[in-house]
Amino acid sequence: MIIMDLTVLTHGSQVRSQIGNPIPYTEGANNSTDFIQETQRYRVRSENPTHQPARKEMYNNGQISVTGSGMTSYPFEGMKTQPLSSVNPYHTSLTLRSRVTLKTPIKTWNNTRGSGKLFSFSLVDESGEIRATGFNEQVDQFYDILEEGKVYYISEFIVKPANKSFSNIKHDFEITLSKLTSIAPCHDEKDIPFTRFNFLLINTLSEVDINSIVDVIGVCKNVGDVVIFTSKTTNTELKKREITLVDHSNTSVNVTLWGEQAEQFDGSLQPIVAIKGGRMTEFRGARSISPMTTSIVQVNPDIADAQRLRGWFDNFGSRLKTKSISARCDSVGEGFGGNWMTLQEARRAQLGTSDKPDYFTCKAMVTMIRSENVVYKACPNGDCNKKVIDLGNNLYKCEKCNCEYPNYQYRLLIGVCLADWSTSLWVTCFNDVAQEILGATAQEVGLSENNNRFLYESYFRKPLFNNFIFRLRAKTEAYNDEKRLKFTIAKVMAVDFNKYNKCLLGSIKSILARVATPCSDLAHHTQLYDARH
DNA sequence: CCCCCCCC
């Protein structure tokens, strides 16, 4: 016995079922069992157990036709459903039983290929998850029906490959609703899971690619105010709120909430916030997570991770000093100018890609030095430093000062390859820094260049494979029409091991926090550490 | 058929 909804396309006639029997039962807005009205919906019993309730079926009794559509759970009851993981483009006619975990607002678009409206939603069942989208008429038909958190039967849909770069849903395909689609609520839904998160520890978020989609959970340690500003690109008013989440890796990350979510967020009681499908963004070395319209943001979710985190934070996490992956400078590099990074971290953070230069500190080894065309004859006048033109008559012309001099001074401009355990990097260094690295004056180097080649080369060999602490400057500079990211050594320092060991101890402390999975271990180690230092 | 996801 199957009951289905019929939308009646013609007026005032008795309907016969698909298999030719008179309709034995109807209910709905109109209780007439004999006549149906145009555009009214009726629930109709069918004796055909093989009937596909979601198909667009034409019913004929000679005069009228009706189309099966709309909402009822009865057609699906007792019907075999298939797991979300089995959805693929080659098997049509699957019936799914899954929970809507997210429904986006309706969006309209208007581009060269046309215009329209759409919404999308996420489905979860025991086997996995999938994303679904409804366009135009399907928006009208299904948008109001689908509710977040509820379970539905869905059948007769189109299956297309999923575009992974726009979704965090782990499925190779996605669903598009069609004219034939039927969706019906399922009230027996206890066995269907809710949103599945794949939380990453916050300390590991410094390693993921920028723009990747991540799940994160943390205690909202700090809340910013709502900030309203106008976007220069779209000229629209935007609202944002920055919050800071910390987890038991004792690391924090900033999250930027937008629009209504920003306005309605209440962080006054330091709630747990869980985010599924947030986008990792980066601005000048500071990372933050931005939820999108397809992200799920849950405050104090009823999940085990949240309870564990609450316990950790309330008992001792709140008292620990937190490392942030959203801060431009971290305290580990204190004493060396801050923002201590490996060369790889500097590259990953895309330092120097904004208008202003970015500085960071690292310990690295000199592995190569270019020795050709690195010492030049410069203007002897104070800080001019401009390369002079040898006039060949023992006079040297500086075009900057517009002056001819009988003398010049040597200056160095060298290219050095630095390497630490993470990667290597070619950097430029100017006179003073170059002299420190070579352990020789520009004058000595310059004089030896043509007179004592062996000595000259030795200046460039001596520093090789020595370690230094470097303060590096990253900046994008324009050469002709080309933009290049350049690294310059702003300062070079001998490795002061007393100082450097303190940095390493700081790192060990933060690593301890990262690896201490049971909360009590973390507290124990950190207290132990604090007691000793 | 969308696929933009914001700002410094």
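Proteins come first, then strands; the chains are lettered A, B, ... in the order of their sequence lines, and each starts at number 1. Atoms considered below: every heavy atom in the structure, side chains included; atoms not considered: hydrogens, waters and symmetry mates. Everything numeric here is computed off the predicted structure, so don't read it as measured data.
Taking atom CD1 of A:Ile275 as the reference point, atom P of B:dC5 lies 18 Å away to the nearest angstrom. In this structure, NZ of A:Lys240 is placed 14 Å from C1' of B:dC5, rounded to the nearest angstrom. As a whole-Å value, the separation of A:Lys103 NZ from B:dC2 P is 21 Å. Between the CG atom of A:Asn110 and the C1' atom of B:dC4 there is a distance of 14 Å, given to the nearest Å. Residue A:Asn163 contributes atom CG, which lies 13 Å from atom C1' of B:dC4 at whole-angstrom precision. Nucleotide B:dC2 holds its C1' atom 15 Å from the OH atom of A:Tyr143, rounded to whole Å. Between A:Asn254 atom CG and B:dC7 atom P the separation is 17 Å, expressed in whole Å. To the nearest angstrom, P of B:dC5 lies 21 Å from CD of A:Glu260.
Of the candidates B:dC5, B:dC7, B:dC1, B:dC5 carries the atom nearest the A:Met292 side chain, counting heavy atoms from C-beta on. Ranking B:dC1, B:dC6, B:dC2 by closeness to the A:Asn136 side chain, first place goes to B:dC1. When distances are taken from the side chain of A:Leu238 to each of B:dC7, B:dC6, B:dC2, the shortest belongs to B:dC6.
Between A:Lys117 and B:dC2, a side-chain N or O to OP1/OP2 separation shorter than 4.0 Å is absent. OP1 and OP2 of B:dC2 both lie 4.0 Å or more from every side-chain N or O belonging to A:Arg131. Look at A:Thr293 and you won't find any side-chain N or O under 4.0 angstrom from OP1 or OP2 of B:dC5.
Formation of a donor-acceptor pair under 3.5 Å by the A:Lys103 side chain with backbone atoms of A:Leu146 is found in this model. Side-chain atoms of A:Thr251 come within 3.5 Å of backbone atoms of A:Ser249 as a donor-acceptor pair (strictly under, hydrogens ignored). A donor-acceptor pair under 3.5 Å links the side-chain atoms of A:Thr104 to the main chain of A:Ser120, judged by distance alone.
Counted within 6.0 Å of CG on A:Asp302, heavy atoms from surrounding residues, nucleotides or ligands total 12 or fewer; the atom is thus considered open.
At the heavy-atom level, A:Glu174 lies under 4.0 Å from base atoms of the strands shown. Counting any heavy atom pair closer than 4.0 Å across all strands shown, A:Arg241 reaches no nucleic acid atom.
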Subject >> Intermediate values then yes/no, side-chain contact (heavy atoms from CB on, under 4.5 Å), A:Thr176 and A:Lys160 >> reply: CA-CA 7 Å; A:Thr176 302; A:Lys160 291 190 286 196; 2.9 Å; yes

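With centres under 5.5 Å and a plane angle under 30° as the test, the ring of A:Trp258 is not stacked against the base of B:dC5.
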